[in-house]
Amino acid sequence: MSAVELYARATDGFDERVAHAVAVLQSAASEHAGRIVQATSLGAEDMVITDLIARHGLPIAVATLETGKLHLETMALIPRIEQRYGLKVEVYQPAAESVVHFVKTNGERAMYESLELRKACCAIRKLEPLARMLAGSSAWVTGLRREQSDNRGGVPFSEPDDKGRIKFNPLADWSWADVWHYIATRDVPYNPLHDEFMPSIGCAPCTRAIAVGEPFRAGRWWWEDEKAKECGLHVKDAPVSEVSILGAPR
């Protein structure tokens with residue numbers, strides 16, 4: 001059964017939520033003209049946002065992080081977006097020397113050894129490239145939703161990040177059924193790994209399929225405590241300098 005068949009459901013208020021998401025994006029694009037970027041993970045929610053940006057001709061740049069550990073299925077979405085929507089996806093990679101040094105010092109499986117090492121890996125592969133992605137921007141757009149986890153239960157439609165930029169979360173009040181109903185009715189491209197019971201997809205070593213009844217993000221960093229399951233992209237005061245503490249060049 002595909003993710004569309006499994007999850008897509010029409011729910012009360014869906015059209016209003018879509019209209020509100022568009023209004024959030026339109027306002028964001030107007031207020032931060034030329035200085036706003038969608039930081040897409042290429043997950044289902046972010047594909048919806050990219051579709052909204054393209055469908056409404058909004059001047060919001062689209063960019064993603066290529067961590068060096070993503071699934072091939074995830075990376076294959078980049079050319080699909082560019083071909084489908086005529087949008088250029090800006091790709092940011094971690095500093096090669098930092099990755100090489102970290103792996104040489106801590107091994108390929110460092111993320112499983114300790115929370116500290118896993119967060120250091122995320123800092124090198126995600127936080128530092130994200131800082132470059134957002135340099136010069138005054139705002140960014142994410143696919144965060146309140147339903148995704150307890151940690152995200154209070155996600156607002158907009159909020160300042162720790163650098164003074166405004167982070168817009170236009171799907172904050174959407175359900176998982178809403179996301180897939182939108183994908184189904186607009187024929188939005190999506191990662192085929194979602195069809196394999198992976199609702200939340202990150203780096204390959206840190207993502208697994210979930211079982212029936214497990215929380216939405218149970219397949220991310222499944223060996224860790226639930227409260228630790230963030231890479232730092234959406235946590236305030238997560239310093240990029242973390243990368244220097246566990247093997248990255250200073």
Side-chain angles (χ1 to χ4, degrees), residues 17-18 20-67 70 74 77-78 81-82 85 87-95 122-149 151-152 154-174 179 182 188 200-203 217 220 230-243:
R17 286 188 290 279
V18 173
H20 183 264
V22 171
V24 169
L25 288 168
Q26 289 173 329
S27 177
S30 176
E31 293 171 12
H32 300 272
R35 297 176 297 141
I36 182 170
V37 59
Q38 181 200 3
T40 175
S41 70
L42 305 171
E45 292 92 344
D46 283 310
M47 295 303 296
V48 167
I49 292 173
T50 298
D51 186 89
L52 289 171
I53 289 170
R55 189 175 295 271
H56 296 277
L58 301 177
I60 298 175
V62 178
T64 194
L65 303 177
E66 200 289 273
T67 67
L70 298 181
T74 301
L77 280 168
I78 295 174
I81 291 170
E82 295 181 334
Y85 300 114
L87 297 174
K88 175 64 178 175
V89 180
E90 301 172 10
V91 178
Y92 290 80
Q93 299 175 315
C122 287
I124 291 170
R125 295 181 184 274
K126 293 184 175 183
L127 299 191
E128 189 278 328
L130 179 72
R132 282 187 276 115
M133 177 195 293
L134 300 180
S137 297
S138 59
W140 51 307
V141 182
T142 84
L144 293 182
R145 294 184 301 110
R146 296 166 190 157
E147 188 188 69
Q148 287 170 337
S149 69
N151 291 340
R152 298 179 177 183
V155 168
F157 291 108
S158 67
E159 59 184 326
D161 69 12
D162 60 338
K163 303 300 182 185
R165 293 176 294 253
I166 303 301
K167 180 166 66 173
F168 291 93
N169 311 303
L171 307 188
D173 62 343
W174 284 38
V179 171
Y182 186 97
V188 177
S200 181
I201 302 169
C203 291
R217 286 170 62 82
R220 299 290 294 280
E230 292 287 355
C231 61
L233 295 184
H234 303 295
V235 178
K236 291 185 178 180
D237 301 318
V240 174
S241 59
E242 283 180 19
V243 301

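This one's a predicted model, so the numbers in the text were calculated from it and none came from an experiment.
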Legend entry - Within residues 37-64 or reaching into it, pairs that qualify as salt bridge (Lys or Arg N to Asp or Glu O under 4.0 Å) - sequence neighbours excluded: Glu45-Arg145, Asp51-Arg55
Legend entry - Heavy-atom side-chain contact between Leu144 and Lys167 under 4.5 Å: yes
Legend entry - Separation between CD of Glu159 and CG of Asn169, rounded to the nearest 0.5 Å: 5.5 Å
Inset, instruction - Not counting sequence neighbours, which residues clear salt bridge (Lys or Arg N to Asp or Glu O under 4.0 Å) with Lys163? List them please. - result: none
Inset, instruction - Describe, in one word, how the ring planes of Trp174 and Tyr182 are oriented to each other, choosing from parallel (under 30°), tilted (30 to 60°) and perpendicular (over 60°). - result: tilted
Inset, instruction - To the nearest 0.5 Å, tell me how far Ser137 OG sits from Ile60 CD1. - result: 11.0 Å
Legend entry - Passing candidate, side-chain hydrogen bond (donor to acceptor under 3.5 Å, both in side chains) with Ser138, options His32, Arg165, Glu31: His32
Legend entry - Val24 and Val141, any side-chain heavy atoms less than 4.5 Å apart: no
Legend entry - Results of side chain to side chain contact (heavy atoms under 4.5 Å, CB included) for Ser30 - residues two or more places apart only: none
Inset, instruction - Determine the minimum heavy-atom distance between Glu66 and Val91, stating which atoms define it. - result: CB-CG1, 3.5 Å
Inset, instruction - List the atom of Ala172, the atom of Pro156, and the distance in Å for their closest heavy-atom pair. - result: CB-O, 3.9 Å
Inset, instruction - Would you give the length of the straight line joining atom CE of Met133 to atom CH2 of Trp140, rounded to the nearest 0.5 angstrom? - result: 9.0 Å
Legend entry - Euclidean distance, Leu134 CG relative to Arg35 CZ, rounded to 0.5 Å: 13.5 Å
Legend entry - Atom pair OG1/CG of Thr40 and Leu65 - distance to nearest 0.5 Å: 9.5 Å
Inset, instruction - Run the numbers on Gln38 and Thr50 for side chain to side chain donor-acceptor pair (under 3.5 Å), then give the verdict. - result: CA-CA 8 Å; Gln38 181 200 3; Thr50 298; 2.7 Å; yes
Legend entry - Any Leu171 side-chain heavy atom under 4.5 Å of Ile49 side chain: yes
Legend entry - Shortest non-hydrogen contact from His56 toward Val22: NE2-CG2, 3.5 Å
Inset, instruction - Mind checking the CG-CG spacing from Leu70 to Leu77? Nearest 0.5 Å is all I need. - result: 10.5 Å
Legend entry - Closest contact, heavy atoms only, Pro129 versus Arg125: CG-O, 3.4 Å
